[in-house]
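Every chain is numbered from 1, with letters handed out A, B, ... down the list of sequences.
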Amino acid sequence: MAARTEQDVVRSELRWSIVVGLTVGAISLAILWAGLVRFINPPSNIETIDPNSVHLSAEFNEANLGTRVENGQVVTRVVATQFSFAPQCVVVPANRQVTLRFTSPDVIHGILVTGTNVNTMVVPGYVAQVHSVFRKTGDLLMPCHEYCGLGHSQMWATVRVVPEDDFKPDADGRALCEKP
Amino acid sequence: MSPEDSDRLWIRSSIGVVVGVLAFGILSGFVIMPVVQGAQAGIDPWTAICRALGISPGSPAAQQPRSAASGVPVSNVIWSPQVLNTLSSAPADAGRELAVGVCAACHGELGVSTDPAQFPNMAGQSSAAIYKQLHDYKSGARINDTMQSVVQDLTDTQMAEAAAYFARRARPPWDVTWVRTAGPEADRLARTGDSARGLPACESCHSPAAAGPVETPVLFAQTPQYLSVQMRAFKSGQRRSDLFGRMRDVAGKLSEREIDMLAQYYSEMR
Ligand SMILES: [Cu+2]
């Protein structure tokens, strides 16, 4: 349909304005609906941590990393650092809520667990927290998805989801990945 | 309708639409959204609007599950701006007396060791790396009888000065009569790593230009003996003061053969 007169051009512009207007309107409505009906809002809880002394902090020192059951709640702590995750493998039970807590001592990293809703940035100076329930058992890949330096593409770890009955924390509540 | 009339209509209605969208945005973002969401959280409408506008502060951060468990830190070094500043501003020769008087017996006056297979060369090493190791020997994070007794009475400033002194000495040169023997496999591991094993290239941290961890030592000019002993110590966990297990992870993934290969490769680097 070639535009012959100026009137044709105006009409075509009008049509497209309507399409754009409707699209923007639909997206706005979706946002309003999420906010007003579902009460969804961006995470507003900001937790800070001194990035220089992460390894000395009570929470993220090496001995306290990995999975631990605290007051019945499964909490997994991971430090994302150039160019690895510490620990390299974490074990979590299937079908139970797991709280994942991450921080970085050096640069911005990103974390995602394949096939799950776990996906967040890990920014030095802050603690990133995600809740999730893992439904499928097996080893899931957890790569760094934010370029963090020359070793970025070798930076990945494993989340081992085990059936609830096989999840056996020790007396201190800690559960470690067993070497396969 | 004349063309002028139609132009005017376009302009007016465009302005109308833009103003309308803006008004709607302000109304929904600063009034409707905060009031409705605030009611849900038990916040009165006026406070909710003030918070949305950023006039009054939001809720204090909620207490998150925080472990009370206290583990043993692997190292007490903190890379605070003060420490880095001391290292970079330490006068080049302030550490000379200590170096010549104490360290020289083993590491050489100019940082070229008397027996490099046992005593690592210091010349041209990064000052942060030297400082970190001295600090770790002192705190007991890295264990070695000889070095622990040497650093026992050193202050932080003395360690920084000794580090700065050695860091500025020239590296031992390459002797033209030596033959390079490390093969391409070592070169590949050193420069590309191995993604399948999650093994980053050594150079991504150890290259002085890589912008990796501050405390990473340069690997030039050590003997293969020293380098392989250290890698095996990381692998077995006997040396464990590397922050976040960075080097223990790497060494743990290397086979015995790869360790020897890489030790040879790096001893041939200058
Ligand atoms: Cu990363």
Side-chain angles (χ1 to χ4, degrees), chain A residues 6 10 13 17 21 24 28 31-32 35-37 39 41 44-48 50-65 68 70-71 73 75 77 79 81-88 99 101 105-107 127 129 149-158 172-174, chain B residues 3 6 10 14 17 21 24-25 28-29 32-33 36-37 40-41 58-59 61-62 64-81 83 192-205 207 210-214 216 240 243-246 248-250 252-253:
Chain A
E6 177 148 352
V10 169
E13 279 179 346
S17 311
V24 172
S28 312
I31 294 173
L32 281 178
L36 299 178
V37 181
F39 300 109
N41 45 20
S44 59
N45 201 38
I46 295 176
E47 262 188 279
T48 54
D50 174 19
N52 286 323
S53 56
V54 166
H55 59 293
L56 298 177
S57 67
E59 181 171 10
F60 286 98
N61 74 70
E62 198 174 303
N64 200 39
L65 298 179
R68 184 162 186 252
E70 290 163 4
N71 307 322
Q73 199 179 349
V75 186
R77 298 185 175 82
V79 172
T81 170
Q82 286 173 322
F83 297 102
S84 57
F85 292 105
Q88 291 266 293
T99 302
R101 288 169 64 74
D106 39 46
V107 298
V127 177
Q129 175 170 289
L150 293 175
H152 167 67
S153 44
Q154 285 84 29
M155 181 170 171
W156 55 265
T158 307
D172 190 31
R174 292 182 196 286
Chain B
S6 124
W10 256 115
S14 320
V17 166
V21 166
F24 176 72
S28 58
I32 301 177
M33 220 39 129
V36 174
Q37 291 200 331
Q40 177 77 3
S59 317
Q64 301 300 315
R66 198 166 295 213
S67 174
S70 62
V72 192
V74 293
S75 168
N76 288 316
V77 172
I78 297 179
W79 293 120
S80 62
V83 172
T192 357
D194 181 358
S195 299
R197 281 187 280 170
L199 189 62
C202 314
E203 289 295 288
S204 61
C205 294
S207 158
V214 193
T216 318
R240 47 178 309 109
L243 304 184
F244 313 108
R246 283 171 177 137
R248 273 168 289 160
D249 274 349
V250 169
K253 289 170 183 166

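For B:D194, the salt bridge (charged side-chain N to carboxylate O under 4.0 Å, His left out) test picks out B:R197, with sequence neighbours left out. Looking at residues two or more places apart in sequence or on another chain, you find a salt bridge (charged side-chain N to carboxylate O under 4.0 Å, His left out) between B:R240 and A:E62.
In terms of non-hydrogen atom pairs under 4.5 Å with chain A, the most contact-rich of B:G212, B:G29, B:A41, B:S28 is B:G212. Contact tally against chain B (heavy-atom pairs below 4.5 Å) for A:G35, A:A86, A:P51: the top residue is A:G35. For the set B:V36, B:V17, B:V21, B:V214, the entry with the most heavy-atom pairs within less than 4.5 Å of chain A is B:V36. Interface summary for chain A: among B:P213, B:A201, B:G193, B:G245, the most heavy-atom pairs under 4.5 angstrom belong to B:P213. When the candidates A:P105, A:G149, A:A157, A:S28 are compared by the number of heavy-atom contacts under 4.5 Å with chain B, A:P105 comes out ahead. Of all the listed residues (B:S80, B:G198, B:G25), the one sharing the greatest number of non-hydrogen pairs under 4.5 Å with chain A is B:G198.
Listed for the A:Q154 side chain is a donor-acceptor partner under 3.5 Å among the backbone atoms of B:T192. Put simply, the side chain of B:R246 never gets that close to the backbone of A:S84: no donor and acceptor are under 3.5 Å apart.
Residue contact with chain A, scored on non-hydrogen atoms closer than 4.5 Å, involves the backbone and the side chain of B:A210 alike. A:Q82 touches chain B through backbone and side chain together, each having a heavy atom under 4.5 Å away. Contacts between B:A196 and chain A at a heavy-atom distance below 4.5 Å involve the backbone alone (N, CA, C, O). Of the atoms belonging to B:I78, heavy atoms from both backbone and side chain fall under 4.5 Å from chain A. Contacts of B:V250 with chain A are absent, with no heavy-atom separation under 4.5 Å from either backbone or side chain. No part of A:P87 comes within reach of chain B, as not one of its non-hydrogen atoms sits under 4.5 angstrom from that chain.
In this structure, the side chains of A:N52 and B:P81 come closer than 4.5 Å at one or more pairs of heavy atoms.
Residues A:G151 and B:P200 share a closest heavy-atom pair of CA-CB, 4.2 Å. The two atoms that bring B:S195 and A:S153 nearest to each other are OG-O, 4.0 Å, heavy atoms only. Residues B:F244 and A:T81 come closest through the heavy atom pair CB-CG2, 3.9 Å.
With rounding to the nearest 0.5 Å, the separation of CD in A:E6 from OG in B:S6 is 7.5 Å. Distance check: A:L150 CG to B:C205 SG gives 8.5 Å after rounding to the nearest 0.5 Å. Separation of atoms CG (A:L32) and CD1 (B:I32) is listed at 7.0 Å; rounding is to 0.5 Å.
The environment of A:F39 atom CZ is dense: over 12 non-hydrogen atoms of other residues, nucleotides or ligands sit within 6.0 angstrom.
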